[in-house]
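Below is one structure, written out as structure tokens; the observations come after it.
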Amino acid sequence: MPRYDAKRLEPKWQAYWEEHQTFATGPFDPAKEKMYVLDMFPYPSGAGLHVGHPEGYTATDIVCRYNRMKGKQVLHPMGWDAFGLPAEEYAIKTGTHPAITTAKNIETFKRQLKSLGFSYDWNRELATTDPDYFRWTQWIFLQLFDTWYDASCEWTGPDGVKRIGRGRPISELPIPADVTANSEAAVRRYQDQHRLAYQHEAPVNWCPALGTVLANEEVVDGKSERGGHPVERIPLRQWLLRITAYGDRLATELDNLNWPESIKLMQRNWIGRSEGAEVDFFIGGTDSLDVVDWTMERESGTFPKEPSENTLRIYTTRPDTLFGVTYMVLAPEHPAVDRLTTPEQRAAVDEYRQQASFKSDLDRTELAKTKSGVFTGGYAINPVNGEKIPVWIADYVLISYGTGAIMAVPAHDERDFEFAEKFGIPKRPVVAPGEVFEPGDSFRGIKGGLQSASDDPSKTDERIAALKPEYDLWREEVLTANRVFTAYFSRESICEQILPSGIKVFLHFGTTAVNSGKYDGIESLEFKSKITADLAASGLGRKAVNYRLRDWLFSRQRYWGEPFPLWHELDANGQPTGLLRVDAESALPITLPEMADFKPTGTPEPMLSKAPESWLFQTAPDGTKLKRETNTMPQWAGSCWYYLRFVDNKNAAAFIDPQLEQQWLPIDLYVGGAEHAVLHLLYSRFWHKVLFDRGHVHTAEPFQRLVNQGMILGEVEFTGYEKSAGEWVSSAEVTDDEDGNAIFKATGEKLATVKLSSDAVKKSGDSFVLADQPDIRIDSRAYKMSKSRGNVINPDKVVEEYGADSLRLYEMFMGPLEAVKPWSMQGVEGVFRFLSRVWRTITDDRADDVRLNPAVQDTTPAEPQLRLLHKTIKAVTHDFETLGFNTSISRLMEFMNEVTNWNVRPISIMRPFVLLLSPLAPHIAEELWQLLGGTTTLAYEPWPTFDPKLVEDSVIDVPVQINGKLRAKITVAAKADQASIEAAARSEDSIVSQLEGKTVIKVVYVPGRMLNFVVK
RNA sequence: GCGGGAGUGGCGGAAUUGGCAGACGCGCUGGACUUAGGAUCCAGUGCCGCAAGGCGUGGGGGUUCGAGUCCCCCCUCCCGCACCA
């Protein structure tokens, strides 16, 4: 009588695995191939696990279980990203110490994860909040603090790759003689300026509601990513990490990683490398003698490292448009604004700067629709032609990018164009769309482009397609002044040809310099490198690379984070001197002080400034008074390197044993959500590269293969809109306002949203409509799970009702791992039924105890049974290799559909089947394995292999087509040749009738796949 | 606006990469067993048509003996970025 009872089986096997330490990795075994499979560890929130977590975790668990059976040694750990704001916010509300909340949440998460039967090696568990862990987070920070980036260092790493640029110990930083001559303090300050971890006073994103500053990455549309609170910009001393030094390597070393292209692209875009030039403009007055002096001085010397008082330095990606500059713009915060502002303009400039300083990023973005700005009254001299250029300030130029100043070329830049339009500034075109040739012209050139004169683009393509074979045209994206478009090109052969009317031929398409003095006629790209070189030769400019990426704002003002292992030296008056000291490695970890009250200070002053004096102050052996750094590290710090600690989580002497690092890294498979595409993954790679440069790890990249699981949405909902009860509005007439309310487009009135059941609606055309009012369209959509929407699925409930195996199986069966998919409770029901069927097929559900179904017998399997098994083994193995879990499950279902029809189910067929099922649904598989004679866990049973001879059918169905249309199917021997298949087809009734009165002009045969008669 | 991804039955999704469209599951219809069925089993299920047959992978065009898959144009949805000079 025992039916499939997940509630009985699952705890039983979970206890077994724990008792037998089934999934302990054990010491590294050189005889086996290693595999390191990692999940992005969760933040243990108070809400517990949601169904999104087990999606990726199940996928990795299957991979691990499968590979253990394939004989690999698998490292599969789990831990907790446990620092973070929610626990601290809870502390503010309730007074409960964040450590207590965190421990409780971890316990819940762990219980939930264990209930799902994941094969983690729990001996390797760690939390970023463990002093033993953050001891080493602090240690790595000290490494960053001890490192400077030598951009010109050429070296070959342990991976055999030659690189330019390396993080090196600060002790190796060359100190200029004038600094050395000064004082020891000057040397220390010089070093501090070059460290990868450095202090900087700059406008930062201050979020009053959260009581902390945020990294740029944590601010979305001027609001905090977490909580959506407004963010202001205020100047503050902050710790930054010099991630920009690694910008190039972070971008280029993505190339060889097995990551989704979309994620690589997002990272590249985030880094935003651009190549251009820095150019100096003279702003020391408009007296021509001064200008000449300045220019001559430049020609004799070199391009200064920092621009002097009388110089304005700009960054541009298009130095070839220098002749088109008609004005310049400084960011309002730019230090040269004061110098350039004339007395007449002073008031206007001050007012504008004042306004800009009040504006948060949100305001700036919102007002971005119209350009604003003020003329300073000052002028700069264009270094290429000596022209006097008016200098403006405007907030569309950002102080934090490039040099905070631009040359404006309104003829070729959309933003400059808008600004110039608004303020009546002239525009001077300097890039011509190339020479235009009319039909009948002849020309010479290396490359010609074609564009239709016709307005109808489809006609262009038609014409060009017609020309293709004749001229061997190819299609190419072309970069012009400020946009990219498509053009067709041909080789020289086209040049002397007369083209059909309506098509123009371009030479040097869209890229020729005009109005640029001696540079006229030069192709833009060539011009760009030429003028950059010319400017460099005369000391006026240099090639420059810029990044959209900013240095990483690394300090937070909250309590629940890692303290910095740093001290500020104080002078006799107790004021910081600006000089720093670090804690000795032996002093780590620096733990958080006990505090009675977790309320933020309400000011940008860090929480820890309220710490007890004994924690805050100490006196160094040399008598210097010291005060602790009171900022804490951001949550990202702990997640930057946890994958390293998992390898060797109990090591008290080092953050990781070098040999173990060699053996286990890199991570072979890393699975997590795409929301970490830039933040965590970029920060982690950055730290890893610093550790690599300093010789602590042997690979340049931590995560060889990355897979993003898609988000799981709530169940599909049908939503209708009503003006009043029963008065429906078609969803086509509905729009959203800013707060997400439904609005009737025609009148702007608010509408009520009504959730409808699936039988109240029906499909009509592309959309759903009300079943009884087909003219009313209904929205059909699945939404992100959220508490407010009430569509959150609790995995505990699913386990309670159907069991962990069903939850696991369903999450994998929903669709491809990477896809966004809506939840469906009925779908869970479906896989549960499948497992029940598996259970009934192998056990005797009419017996009182668990025993084998009488149909399961120790007999020799029949050939069709063997064939089915081997085909299933082949398919499932292939699907596991490609992470195609949804299809692997359907293969197992197909297998079961057959087996239920068998009166005799040979044990030698059922045992391998159970093994195939086991990575997906391990609990039921263990139970059935035991029943089928297994004496220990099946976790290390060899993975079943297939016999190639048994996966091919001896008789196959071949579809027969006439003119590509399916007309018949014939059954033939797999080895049959074309002639016999054709003969068989020709004797098929339906084919005979179809061929009557027609001539077969061709027969296409694809071996084993299909036969096609082409007839007339 | 820019960049990326995706549009296949009532629904989730399959389709050795150009070769039988809709595997598998859900749902639905009918039947069996049942006091009962929201358990289980059997049969059916893309659309139109009594049938023969025709039509079908967002829309339009093209290449091919043959297109969900390749090429061109367009539409819709999702995700990311958004004054980065």
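Residue numbering restarts at 1 for every chain, and letters A, B, ... go by the order of the sequence lines.
- Comparing the P positions of B/G46 and B/A23 gives an interatomic distance of 8 Å, to the nearest angstrom.
- For A/Leu398, counting side-chain heavy atoms from C-beta on, the closest listed nucleotide (B/G25, B/A85, B/G12) is B/A85.
- Checking the phosphate oxygens (OP1, OP2) of B/A14, a side-chain nitrogen or oxygen of A/Asn886 falls inside 4.0 Å.
- Checking B/G25, B/A85, B/A15 against every side-chain atom of A/Thr887, the shortest atom distance belongs to B/A15.
- Glycosidic conformation of B/G4: anti, with the torsion beyond 90° of 0.
- Listed pair A/Arg967 / B/C20 fails the phosphate criterion, with no side-chain N or O lying under 4.0 Å from OP1 or OP2.
- Rounding to whole angstrom units, CD1 of residue A/Ile981 and P of B/G19 are separated by 18 Å.
- With hydrogens and angles left out, the side chain of A/Lys969 and the base of B/C20 share a donor-acceptor pair within 3.5 Å.
- Less than 6.0 angstrom separates the ring centroid of A/Tyr4 from the ring centroid of A/Phe832.
- For A/Arg833, taking side-chain heavy atoms from C-beta onward, the closest of the listed nucleotides B/G13, B/A85, B/A39 is B/A39.
- When Watson-Crick and G-U wobble pairs are counted only if both distances are under 3.5 Å, B/G68 pairs with no nucleotide at all.
- Between A/Lys763 and B/C11 there is a side-chain polar atom (N or O) within less than 4.0 angstrom of OP1 or OP2.
- For the pair A/Phe885 CZ and B/A14 C1', the computed distance is 17 Å after rounding to whole Å.
- Between B/A85, B/G19, B/C26, one nucleotide has an atom nearer to the side chain of A/Gln961 than all others, and that is B/G19.
- The partner of B/U35, taking Watson-Crick or G-U wobble pairs whose two distances both stay under 3.5 Å, does not exist in any strand shown.
- A 4.5 Å side-chain heavy-atom check between A/Pro959 and A/Leu1011 finds every atom pair outside the cut-off.
- Base pairing of B/U16 is not made with any nucleotide, judged by Watson-Crick or G-U wobble geometry with both donor-acceptor distances under 3.5 Å.
- No donor-acceptor contact under 3.5 angstrom links the side chains of A/Arg3 and A/Ser836, judged on distance only.
- Contact between the side-chain N/O atoms of A/Arg840 and the OP1/OP2 oxygens of B/C41 is found at a separation under 4.0 Å.
- Within a 6.0 Å radius of CD in A/Glu675, other residues, nucleotides and ligands contribute more than 12 heavy atoms.
- With B/C83, B/G13, B/C65 as the candidates, the nucleotide lying closest to the side chain of A/Val1004 is B/C65.
- Under the Watson-Crick or G-U wobble criterion, with both distances below 3.5 Å, B/G1 is paired with B/C81.
- Scanning all heavy atoms of the two residues, the minimum distance from A/Gly324 to A/Pro410 falls at O-CD, 4.1 Å.
- B/G59 and B/G68 are spaced 12 Å apart, taking the P atom of each and rounding to whole Å.
- One atom, CZ of A/Arg318, and another, P of B/A85, lie 12 Å apart when rounded to the nearest Å.
- Taking the centre of each ring, A/Tyr810 and A/Tyr802 stay at or above the 6.0 Å mark.
- Taking atom P on both B/C65 and B/G58, the two are 24 Å apart, rounded to the nearest angstrom.
- Residue A/Leu322 comes nearest to A/Met407 through the heavy atom pair CD2-SD, 3.5 Å, listed as atom of the first residue, atom of the second, then distance.
- For the C1' atom pair drawn from B/C70 and B/G1, the interatomic distance equals 30 Å after rounding to whole Å.
- Nucleotide B/G44 forms a pair with B/C28, judged by Watson-Crick or G-U wobble geometry with both contacts under 3.5 Å.
- Taking the P atoms as reference points, B/G9 lies 22 Å from B/G54, given to the whole Å.
- Nucleotides B/U63 and B/A52, compared at atom C1', are 33 Å apart to the nearest Å.
- Candidate nucleotides B/G66, B/C20, B/G3 were compared by shortest atom distance to the side chain of A/Leu966, and B/C20 ranks first.
- For the C1' atoms, the distance linking B/G30 with B/U35 amounts to 23 Å, nearest Å.
- At B/C41, none of the side-chain N or O atoms of A/Asn901 fall inside 4.0 Å of OP1 or OP2 (strictly under the cut-off).
- Comparing atom distances between the A/Arg1009 side chain and each of B/C78, B/C83, B/C20 picks out B/C20 as nearest.
- The side chain of A/Phe813 sits closest to B/G12 out of B/G19, B/A82, B/G12.
- A/Arg781 has no side-chain polar atom (N or O) that falls below the 4.0 Å cut-off from OP1 or OP2 of B/C77.
- Of all heavy-atom pairs between A/Val1015 and A/Asn963, the closest is N-OD1, 3.0 Å.
- Computed from coordinates, the A/Arg268 CZ to B/G4 C1' distance equals 13 Å when rounded to whole Å.
- In this structure, the nucleotide among B/C24, B/G19, B/A85 sitting nearest to the side chain of A/Met893 is B/C24.
- With RNA chain B read from its 5' end, the first of the two nearest nucleotides for A/Gly827 and A/Met814 is the one closest to A/Met814.
- A/Glu829 has its CD atom 13 Å from the C1' atom of B/G37, to the nearest Å.
- Separating the P atom of B/C74 from that of B/C28 is a span of 43 Å, rounded to the nearest Å.
- Nearest nucleotide to the side chain of A/Thr316, out of B/U16, B/G4, B/A85: B/A85.
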